[in-house]
Amino acid sequence: MSLDLSSREGSQVDSGPGDKVLASDIFADQLASQVHQEDVLSMLQAQREMLAKFEKTNEMLLNCNALATARIDYAYQEFRRHTHLLLDIKKDLDGVFRRIRKLKSNLGKRYPDAFAACSPAGSPTDEDEDPSHPQIKRSSSQPTSHTSMIVVADVHSSQEAS
């Protein structure tokens with residue numbers, strides 16, 4: 001049996017009396033005979049195992065992603081809640097510092113001598129103090145706020161007694 005493989009695909013070759021076989025079928029059969037069936041089956045089995053592993057890994061990654069999303073959502077809600085809490089605390093502290101400045105100013109006006117004795121470096125209405133961001137300035141020459149309030153209270157009670 002002599003085959004002319006240079007003939008066009010789909011051409012028919014006579015292999016015997018009444019049998020007509022396409023050249024492409026013969027070529028495919030010859031090519032398939034070059035590959036061991038056991039090797040093909042082992043490759044298919046390896047591909048199935050890999051597919052199963054990849055599907056399991058994909059499912060695990062989806063679960064991990066869902067868990068991470070839930071935790072991020074929870075952390076975001078906590079962060080927002082804490083941010084609002086901090087903003088509320090800041091507003092409260094701004095109000096407290098504003099009242100303290102007002103009290104210091106009133107005490108400085110009512111008792112200028114006692115207030116000057118408590119804080120010789122500055123007056124109750126310092127120009128460099130930013131009302132939106134109060135800063136505590138202490139040096140070794142200035143008494144703490146507790147002692148200055150005691151001195152002012154002592155002066156106040158001694159003036160009332162007079």
Side-chain angles (χ1 to χ4, degrees), residues 9-10 24-25 27-162:
E9 187 177 324
S24 60
D25 290 339
F27 178 73
D29 288 340
Q30 291 293 324
L31 189 61
S33 70
Q34 297 293 322
V35 178
H36 293 110
Q37 192 65 21
E38 294 169 4
D39 292 342
V40 172
L41 292 176
S42 67
M43 286 192 308
L44 288 173
Q45 182 62 30
Q47 287 179 347
R48 286 186 195 109
E49 289 173 4
M50 299 270 268
L51 178 63
K53 287 180 183 178
F54 288 145
E55 286 174 346
K56 186 176 180 180
T57 302
N58 192 30
E59 185 176 332
M60 290 170 45
L61 287 173
L62 288 173
N63 288 337
C64 180
N65 191 22
L67 181 63
T69 301
R71 288 186 178 176
I72 285 175
D73 288 342
Y74 177 76
Y76 177 72
Q77 295 299 325
E78 287 291 308
F79 180 75
R80 285 189 64 190
R81 190 171 55 93
H82 290 180
T83 302
H84 287 298
L85 178 66
L86 287 174
L87 290 174
D88 289 342
I89 290 172
K90 183 186 180 307
K91 287 177 189 175
D92 292 344
L93 285 174
D94 286 343
V96 167
F97 282 117
R98 191 173 24 258
R99 282 186 260 151
I100 288 173
R101 280 192 302 277
K102 190 181 287 186
L103 285 171
K104 283 175 70 175
S105 175
N106 288 341
L107 287 174
K109 289 176 186 174
R110 283 176 91 178
Y111 310 105
D113 297 334
F115 203 90
C118 292
S119 58
S123 65
T125 57
D126 287 339
E127 296 296 325
D128 60 343
E129 187 175 325
D130 183 11
S132 64
H133 298 288
Q135 297 174 352
I136 298 174
K137 297 178 183 176
R138 289 187 185 160
S139 67
S140 59
S141 65
Q142 291 181 334
T144 62
S145 60
H146 298 297
T147 56
S148 63
M149 294 304 273
I150 293 170
V151 171
V152 171
D154 288 342
V155 170
H156 179 63
S157 59
S158 65
Q159 285 182 353
E160 285 180 355
S162 308

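Here the side chains of Lys104 and Phe115 are in contact, with some heavy-atom distance below 4.5 Å. At least one side-chain heavy atom of Lys109 sits less than 4.5 Å from a side-chain heavy atom of Ser105.
A search for side chain to side chain contact (heavy atoms under 4.5 Å, CB included) contacts involving Arg80 returns Tyr76, His84, not counting sequence neighbours. When the side chain to side chain contact (heavy atoms under 4.5 Å, CB included) test is applied to Ile89, the partners found at least two apart in sequence or on another chain are Leu85, Leu93. Applying the salt bridge (charged side-chain N to carboxylate O under 4.0 Å, His left out) rule to Arg81 yields the partners Glu78; only residues at least two apart in sequence or on another chain are considered. Partners of Thr83 under the side chain to side chain contact (heavy atoms under 4.5 Å, CB included) rule, at least two apart in sequence or in another chain, are Phe79, Leu87.
Exactly one of Arg98, Lys91, Lys90 qualifies for a salt bridge (charged side-chain N to carboxylate O under 4.0 Å, His left out) with Asp94. That residue is Lys90.
At least one donor-acceptor pair closer than 3.5 Å links the side chain of Thr69 to the backbone N or O of Asn65.
Applying the side chain to side chain donor-acceptor pair (under 3.5 Å) rule to pairs touching residues 44-60 yields Gln45-Glu49, sequence neighbours excluded.
Applying the 6.0 Å contact sphere to NE2 of His36 captures no more than 12 heavy atoms from other residues, nucleotides or ligands.
Note that CG of Leu44 is 12.0 Å distant from CG of Leu51, once rounded to the nearest 0.5 Å. The distance from the CG atom of Leu86 to the NE2 atom of His82 is 8.5 Å, given to the nearest 0.5 Å. Distance check, rounded to the nearest 0.5 Å: CG of Asp29 to OG of Ser24 gives 9.5 Å.
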